[in-house]
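Note that the coordinates shown come from a computational prediction; the quantities given were computed from them, not determined experimentally. Residue numbers begin at 1 in each chain, while the letters A, B, ... track the order of the sequences.
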Amino acid sequence: MGTLSQADEAQLKAQLQDAVVGCTERGLYHSAKWAAELLDSLPAPDDHGSDTDVDSPMSDAHPPQTPHLMPKDATEARLEAREAHKFLLAKTYFDCREYDRCAAVFLPGPLPKQAPSTPNPKSKQAGKGKAKMGTPTKASFSHHSISSLSQKSLFLALYAKYMAGEKRMNEDSEMILGPQDGGVTLNKELPGVSAVLEEWFKKLPSSGRQPQGWLEYLYGIVLAKGKNEQLAMDYLVKSVHQYTYNWGAWQELQALLNTMDELNHLVTQLPQNLMTFIFHVTTSQELYAVNDQVHNSLSQILTIFPTSAFLKTQRALLHYHNKDFDDAEQIFSDLLVSDPHRVDHLDNYSNILYVMGMRPKLAFLAQLATATDKFRPETCCVVGNYYSLKSEHEKAVMYFRRALTLDRTFLSAWTLMGHEFVEMKNTHAAIESYRRAVDVNRKDYRAWYGLGQTYEMLEMHSYALFYHQRAAALRPYDPKLCMAVGQCFGKVGKVMNGIRAYKRALVAGSYYDAGVGSSFGSGEVSGLGGGILDPDVLYQIALLYERIHNMNDCAAYMELVLAQEEGPDADEVGAEGVGGVGVTATTSKARLWLARWEYMRGMYQRAMELANELCQDGVEVEDAKALVRDIRARMERPGGEEGY
Amino acid sequence: MATPRYLTAQKISLLVLTRLYCNSSLPSSATIPVLSFILSSNLPPTASSARPRPSSTSSRHDTSFSIDAFEDVLQGHASSMPGRTLLDLFLKHMWEMNSFDALHALFDSILDLITPPSPGTLDEEASDRIYLSKTSPLGVFVRRAHLEFTRLQFDDSMKLWSSFIKYRAPTAQWTKRLAGLASSGVDVVVSEMGLRVGDNVYEVAYGHLDEQDEEGEGMSLDDLDRILEFQLERLQKFGDRVPDDMKGQLRSMVSASGMVHRPAHLVQFFDAWKAGDYTSAFDNLHRYYDYAIQTRDKNHYQYALLHMAILQAEFGCFGEAIAAINETIATARENQDMTCLSFSLSWLNHMAKAYPKEMKGAGYMNMLGSERDALTFLKAKAKEMKMYNLLSASLLNEAKFFLATGDSIPRALEHIYQSSHLNIKENINSYGSQMLLTSILYTRLGIPHLANAHCELLLDCYSHTCSLEERIRAIGRRAFIVSQTGRYDEAISTLEAVDPSMHRSLKFHQYLVLCIGILKLRRAIRTSDHPTATHLLQTLKPSPSPSNPLLDPELSFLQHEAYIEYLVSTAQFPRAFEAISSLAKALKDENADIALRVSVLIMLADLWHKVGKPERGFSVALRAASVSFRARLAVSLWCAVGCLGGILNGLGEFVGAKRLVEGVLPQALEGTDTMLIGTLYSHLADSYMGLANPNLADSALLPPVTSPSTPKVAPSPGSSSRSRAFHIAKAELYIDRARDCFKKARSLDGECEQLMKKAIIAKLRGDEKLAEEWAQNYNRVWEEGVRAREG
C-alpha cells in the first residue's frame, strides 16, 4: 500500500473520526476506542501543525469533511431528527447501564418471540423461539412501530436488549465453575432481537431504505450466538461492506474463522481497503499463521499508523507465536513505557515474561497493572501468572477466577486456570476449564493441548489423541504438538501413524530456525541449531520401529540419534559450525541400545567401542560394564574369532 | 487505605534483621542488643493473668518506630566483615531487596530459618547457621509473618511494598557503600527499563509514594491492638485517663483502620468512666460486650457484670451495683471462675466497709457473716487458689480492720509485714496500698515523719506501678502532715502543683479540690479569717444528708471536723454541739473507725471546756483518753489529755492538770503537731499560773504526792512568794513557748491569747508599762495577722 497521499490521509482521518462518533452513539465503546486509537496514531503532518495553531490539525479538519464524506440517507436523517430527543434519552439510559429502560424508550412492550411469518428455511435458529408463538397482533404492532424507527435508534434499542440479556445471563451463571456455570446458560433476549431483525431485513428491499451496516452487524452477532455461522458471516460481510470502520464487526468475523483456508476464501468477498488489510493481518495472527508476508503487511500498515499500540501489539504477538520471545518482550516493554495505563493485551505480555522466567519484571508488571486497575481481567491474569510462576497455584487460581468473574469470555484466563488445575492435580476442574476455553475460542491450541495432556494424565489416550490432533491442526509447525500426537498414537497402538507424526515433528522442528521453545510450562527448552534434529524424537521413532520389529529402521534411527551429538557435517551447514547436542541421556540410551544391538548381531568390535564410549561418558556405566564383560567373554570364545 | 492486619514496613525490616542474625554474621557482642531489639517490638503482649507483668515500662510500646531505631541499635557494632558496621550489612540486605519480586522471595525463603536441615545433611557449610525453633519467640514471629504474607491479596502486598520503599528511603544517603546499591533506585526493573522518576510508567507504579497520607502510617491492626492494650492497662491499673492528643491520635488510627475495634470501645468506656461521664461509660461498656459476644465467649459475661457493678457503685447507684455484683457472683460460681468470684467477694467486702450506710440502705446483707469471717474466708480461698494478689490485699484489709477496731497494733503490723513479704516474693504490685496503710499506722502512732517517709517512698519509688488513686492519696496525706506543722501554704502549693494529667479524672479532681478546700478552710479558721471561712464553707459545708456518696469517706470526716472547728471558733456552740452529736451518731451507726469516734469525743470535751462547763466534759475527755490509750492512738491520746488538763485547770485542779500535761508533752513534741503542742503549753502555763495563786496554794497542795516539785515549795510560807515567782516565771516561759507554737501554727487567736496572758501577768506584777506594751503588742499582732491574710 505504501504511504498515503495527502488527500487519502485526510479522508482516512475523516472516516475514522466518523467511526468514533458513530460507534460511541451506538454504545459500541470498544470499537470506538479502537478507531480513536488508530486515528491518534496517524502521524501529525508537520507542515500543518504550525505553532500558531494550538489545536490538533484534526479538529479543524473536522467540520467541512464529515458531511460530504458520509452522505446521509435522507429518510434516515429525517427519522433521526424526529427522534433526536428520545434518542438522547435512550443513550443516557444506555450509558447508565439501564439497558431495559433504554430499549423501552423505542420498543415498549415485549419483543415478539418469533417472526410472524414462517421461519426462513435459510435461518437455522436451532429451536429458538419455536416453542413459543408470539401473538400476531402484538407482533404486527411492534413491527409497525419498528419500521418507523430510524436505524440508529433501532440499533441502540436492540443492542440494549441484547446487552440486558447478556447481563442476566452472566448473573444467572453465578459462581465461576459453580453448579450453574456450565456455559449453557442462554441469552434469553436473543430470540426476540433475532425476530425483529429478521423481519426488518425481510422488509428491507420493499421499504426502500438504505442499509447502514449497523443492524447487519447486530444480526451477525445474534446469528453467531445461535451457532448459525454461515448466515452470520454473510451478514457481517454485508456489514463491513456498508460500514467499514466498525472494528467490532471485523472481530466477530475473526471469531467465526477457523482456518487459514477459510480466511483466504473470505478475503475475496471483502472490500479492498485498509481495514481488510488490518483484518487480514490480525486474523493471521490469531490463526498462528506467521510468515514473512504477514510481517510485511504489518510493516506496511505500521508506516501509515506509526504509533499504533494495537498494531505493535500484533507484531509482538506474531513474534510470540514464532517463539521469538526477546523481540516480543522488547515491543511490549516499549509499549508499556509509552502508555503505562494501557492494560489491553498485558496478559499476553505476562505469558511472555512467564515463559522467559523473568520474575522481577513480571512482578513489576503485575504491580503496574494493579495500580492502574485491579479489577480488569487482564490485570488479574497478570497477577495469576505471577503467582503461578511462584508455584502458588491456589492463589493463581483465585486470580484467574476473578478475571473470569469480570469477563466470562476471557479466553486466556480459562486456559491458564486449566494449567493451574493440572498443577494442582485437579484434573476434572482442569478439563472443565480447558473445555470452557475451547468453547469460547476454538482456535486456542494451548487449551486443546492442555485437554490432551490432562487426558494423558488420566491414561485416556484415544481421547488425548483427539485433542492433540486438534492442537496440532491449529499449529501444524509446532514440533511439540506433533510429538504429543505421535506419543498418543504410540500408546493406542497405531505405530505407523505415530511414526508419521514424529517425522512430522522432525520436519516442524527444523522449520523453526530461531529455536524451539516450549509454549508453556514444561521448561523444556532446546536451542537446537538449523540442521539438528531432535534426538528425543529420533529415539522415539526408533523405539516405535522396534515395536513393529523393523530393526533395520530402528537401528538407522538410533544411529541418527548418535549423529546428533556431533551435529551435521560441516559441509552441510557451511561455515557456521553449529555444534551438536552433545552427550545427553537420550543419546546415551541410544548408544546402549546400539551396543546391545551390535552385540546381538555379533558385531562385537563395534559393540565394544560403543560400550567403552558409554563408560567414558559416565552414563549407564553399570550396564555398559556388564556389556563389556559379556562382549569380552564372547570374543575370547572360539566363536568370537569372527569378529577379528 | 485500610490498615494492614499485621505486616508493616517495620516488620519486614525486622525480618531482614532476623535473617541477618540467623546467618550468624553477627559478632557475639552484638547478639544481645540485636536480639533484644527484635524481641522488644515483637513479643506478644502477656496475657492478662493474675500476675502482672514485671515492670513493663522499659519495653518499647512504640511499634511504629522509624528506621532510625535500627541505626541506633546497629551503628555501634562491627560486623564480621572488617571495616563495616552491622548497619552497613543490614542496609545492604535491605537494599538488595530491589524489586517487588524480591519481597516475595524474602517471604518465600524466610521459612528456611525455622526448618533445620535433616540430621543427615548437616554438613560443614550449614553448621554455623542458626536455626530457630518453631516455638521460640523469633520462630513464632517468622511464622506469623510468613502466614500473614500468604494471606495478603496482591494489591495489599503491593501497598506493603510501597510502604517499605518509603520506610527505607531515608537510608539511601546514610553510607557511601550503599551508593552502588541504592543508585539503582527503588526497583531494579524500573532502572533496567531505563526509567527515571517522572516518567509515566514510574509515576503509575511508584508515583503515589510521595503523597500517601501520614495518618495511621506504618500501623498494622496488630500494632493497634497492642497500643490499645497498653492504654487499657494504664486505665485499669493506674486509673489514668487517655490524654487528649493521644485520644485524637487513637481515634484517627481506629477510624483509619475502618473496622469495628473492640478494645477501642473498652478504652472509651474506661475513659468516660474516669471522666465521670456516667451515660457514655455505660453505653460504651454495653457496646463493648455486645461486640464481645461475637466471639461466643461466655466468660465475658461475668466480667461485664463486674465492671457494671463497679461502675454503678462509682456513680453512687448502690442498689444497681449490688444487683449486678450478686449476679456476677452467681455467674462466676456457675462458671467455676474462682478468680472472678474471689475478686467480687473482696470488692463487695471493701464496699461494705467503705460505704456501710449506703450499702445497708441498698439492701446489702453480708453474705459471709461478720467482716472477720469474710476476711478469713477470702484469705483461705486465696491461699487455696494461689491467688497471691488477693491474699496480699486480704492481709492488708485485715490489718486495716485491726486498726479500725482498735485491736492490737503488733498484729496489724504483722499482717502488713506478711503482705509485704508476699509482694516481694510473688512479685505483686500492691506496694501502694501497703505503703499507704503503713503511713496511716504511723500517723496513728503519732510518728508523722515516718508516715511522711512512707508516702514519699510510694511517690518516689513506686509511682510507676501504683495506681493514680494511691498516688493522689499519698500526696494528700503528705499535704495534711505538712499542714500540721502550720505550713499551710506549702501544703496547698504541693497539692496545686500536682501534674495536671491527674485532674483529667473527675474523681481525683474532686479529691484534690476538696483537700485544698479543707486546708484553706483550716487556715482561715486558724487565722480567724471568718469571712473567708464562711465563704469557703458554702461549698465545703458537709451535707446534712448522709454523707455524699461521691465523697471520699476519709475526707468527709475531715470536712465535718473542720466545720465543727469553725462553729467553735465563731462561738456558735449550740450548733457545734448539734453537729458533734449528729456526727457521733452517724459514726456509731456506721461502726466507724475508732480513731474517728475518739476524735468526736475529744471535740465534745473541748466544746464543754470552751463553754465553761468543764465538769461535763471531764468524763468525756477521760473516756477519750482511756480509749485512745488502749488503741495506741497517740495523737488522740495527747489531745484528750490536753483537753483533760484544760478541764482540770478549769476546775482548779492545777496540780493534776500540770502532771497530766507534763506527762504527754514530751511525746507530743515528737509529734510536731504545733497546734496541739501550743495548746498543751498553754494549758501547762495555765496550770502554773493557777499554782501561783496564793489563795489556792493550800488546796493545790492537798495532794502532796502528786507533784514532785510542790513539796519543795510547801514547807516554808516564806518560800511561797518565791515559789509564786517561780511558778509565774514557769508560766511565762510556757506562755512564750505556746506563743511560738501558735505562731508557727498560724493560729492568731492562740497567739493573741498568749499575749493577753502576758499582759495580764505583767499587770498582776504591777508593771503597768510592760502590760501596756504587751497589750500594744497584742494589737499589733492582731492587726498584722489581719493584714497578712488580707494582703
For this session: For the pair Phe364(A) and Asp101(B), evaluate side-chain contact (heavy atoms from CB on, under 4.5 Å) and give the outcome as yes or no after the intermediate values.
Result: CA-CA 8 Å; Phe364(A) 178 72; Asp101(B) 184 53; over 6 Å; no
Find the distance between [atom1] ([X]) and [atom2] ([Y]) and round it off to the nearest 0.5 Å.
| X | Y | atom1 | atom2 | result |
| --- | --- | --- | --- | --- |
| Asp155(B) | Thr379(A) | CG | OG1 | 10.5 Å |
| Leu389(A) | His104(B) | CG | NE2 | 11.0 Å |
| Arg359(A) | Ser99(B) | CZ | OG | 9.0 Å |

Exercise. If every non-hydrogen atom of Phe100(B) is compared with every non-hydrogen atom of Ala363(A), which pair is closest and at what distance?
Worked result: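 In this case the closest contact between Phe100(B) and Ala363(A) is CD2-O, 3.6 Å.
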Problem set entry | Over 12 foreign heavy atoms within 6.0 Å of CD, Glu171(A) |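 Result for CD/Glu171(A): enclosed.
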Part of [X] within contact of chain B (heavy atom distance under 4.5 Å):
| X | answer |
| --- | --- |
| Ala369(A) | neither |
| Lys374(A) | side chain |
| Arg342(A) | neither |
| Met358(A) | neither |

Problem set entry | Heavy-atom donor-acceptor pair, Tyr399(A) side chain to Phe154(B) backbone, under 3.5 Å | yes
For this session: Answer yes or no: is there a donor N or O on one side and an acceptor on the other, between the side chain of Lys395(A) and the main chain of Thr150(B), under 3.5 Å?
Result: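 Confirmed, Lys395(A) side chain pairs with Thr150(B) backbone.
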Problem set entry | side chain to side chain donor-acceptor pair (under 3.5 Å) involving His393(A) - partner list, sequence neighbours excluded |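 If we apply the side chain to side chain donor-acceptor pair (under 3.5 Å) test to His393(A), skipping adjacent residues, the hits are Glu420(A).
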For this session: Please determine, among Asp334(A), Val383(A), Leu336(A), the option with the most heavy-atom pairs under 4.5 Å with chain B.
Result: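 Answer, by heavy-atom pair count under 4.5 Å with chain B: Val383(A).
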Exercise. Within a strict 4.5 Å, meaning less than it, do heavy atoms of the Thr370(A) and Gln153(B) side chains meet?
Worked result: no
